[in-house]
Amino acid sequence: MGNYKYGFSTKAIHTGETPDFREGATGDVVSPIHLSTTFARKKVEQPTSGYEYTRSSNPTRKALEEKLASLENAKHGFTFSSGLAAETTLLLSLLNPGDHIAAFDDLYGGTKRLFNKVFSKYNFGVTYVDATISENVRKGINKSTKLIWLETPSNPLLKICDIREIASIAHENNILLVVDNTFLSPYFQRPLDLGADVVIHSSTKYIGGHSDTLGGAIIVNDEEIAEKVAYHQNATGAVLSPFDSYLTMRGLKTLSVRLEQHQKNAFAVADYLSSHPKVKKVIYPGLESHPQHKLATSQTDGFGGVLSFEIDGDINDAKLFLEKLQIFALAESLGGVESLIELPSLMTHASVDKEIREKAGITDTLIRVSVGIEDINDLIDDLKQALA
Ligand SMILES: *Cc1c(COP(=O)(O)O)cnc(C)c1O
């Protein structure tokens with residue numbers, strides 16, 4: 001199924017899952033879950049349909065990989081057992097000891113931990129810059145820089161980086177641009193179309209969409225990068241299982257309708273909170289008050305379902321509010337159909353030094369919400385009673 005011929009939802013439903021009408025095939029409209037770890041062949045030198053062993057390649061995983069690639073308008077997709085497994089495989093594929101990464105200073109904490117505590121042992125350098133100002137990225141690169149690593153919007157402050165501008169800085173210097181596209185998913189943002197070289201996903205979030213399957217992906221167009229990633233995916237082995245591939249594929253089929261509803265609800269929650277006297281500030285890229293609303297509009301088709309806000313009071317007021325909620329689950333993670341809410345200073349970002357956290361804007365009373373797709377009246381009523 002050609003990449004550009006069909007619309008997003010058509011590709012999400014059909015790519016990688018074309019019914020097989022050959023003699024003896026059953027014409028399944030949904031890809032079967034191929035649990036087999038090994039594939040028998042009739043002739044010593046001819047693997048049946050190209051499959052040998054599931055770590056190297058599996059038909060269910062392949063169906064998902066084709067579907068995901070098509071949604072990012074890309075040629076190649078690779079899926080892994082988690083977002084961090086995808087990141088690890090990408091770093092092993094593209095870097096040698098001594099190489100350097102220029103990274104956005106507001107990256108997902110687990111990504112920073114991977115850079116600072118794991119890869120640092122093997123002599124990879126990292127410089128963090130405020131990439132919301134593209135020129136800062138230029139200042140953060142040096143002769144050893146091989147990758148620029150962005151995440152936009154960021155978490156939990158929802159800062160936006162200019163993908164087009166930073167891609168041209170990268171390419172002027174023979175550097176590859178990696179964009180973590182977890183927060184918006186390909187439905188709202190396609191970084192490869194804007195000039196990025198590699199897209200990374202935690203499919204645990206919106207792509208899976210139901211908080212029931214962990215996974216990650218690398219998506220690229222370039223043949224040389226694809227070859228390296230394919231080699232390392234097999235050689236290091238952190239692949240997505242056939243069952244998780246099926247679950248992720250099932251989630252992907254409704255990505256467009258889910259994200260439309262997530263966004264609709266997020267706007268309603270942002271509007272409600274913006275006018276509430278106990279709320280000091282609401283951060284959502286869809287609001288005109290967001291300092292980078294224009295940039296967001298110029299590079300995305302939407303603003304997603306995550307927002308942050310600060311309540312008026314101290315940390316105990318924030319805790320009391322969170323513990324009073326009935327529908328919003330007090331939990332880390334995001335992107336599932338159910339609304340999740342958390343206090344970054346004591347949960348997702350607790351490991352960041354208080355001083356660094358506060359300087360960045362992650363105060364004790366900043367709350368992050370992943371707005372789900374429940375009935376909006378119920379969500380607003382829940383916020384209303386907990387704020388009261
Ligand atoms: C969750 C997340 C990751 C890590 O993914 P896992 O699936 O948890 O390993 C990476 N980047 C972002 C933006 C995330 O939200």
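All ligand and atom numbering here is 1-based and tracks the order in the structure.
Checking Thr111 against Glu87 by side-chain atom types alone, a donor-acceptor pair falls below 3.5 Å.
For Asp130, the side-chain hydrogen bond (donor to acceptor under 3.5 Å, both in side chains) partners two or more places apart in sequence, or in a different chain, are Thr132. Applying the side-chain contact (heavy atoms from CB on, under 4.5 Å) test to Ser9 and every residue at least two apart in sequence or in another chain returns Ser256.
Separation of the Phe124 and Phe115 ring centroids does not fall under the 6.0 Å cut-off.
With His76 as reference, Glu223 is the one residue of Glu227, Glu223, Glu66 to meet the side-chain hydrogen bond (donor to acceptor under 3.5 Å, both in side chains) rule.
Pairs engaging residues 333-372 under the ring pair (Phe, Tyr, Trp, His ring centres under 6.0 Å) rule: none recorded [sequence neighbours left out].
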Check ligand 1 for close polar pairs with the protein: N or O on both sides, less than 3.5 Å.
unit_1, atom_1, unit_2, atom_2, d
ligand 1, 5 (O), Ser202, OG, 3.0
ligand 1, 7 (O), Gly83, N, 2.9
ligand 1, 7 (O), Ser202, OG, 2.8
ligand 1, 7 (O), Thr204, OG1, 2.7
ligand 1, 9 (O), Gly83, N, 3.1
ligand 1, 9 (O), Leu84, N, 2.9
ligand 1, 11 (N), Asp180, OD2, 2.7
ligand 1, 15 (O), Lys205, NZ, 2.7

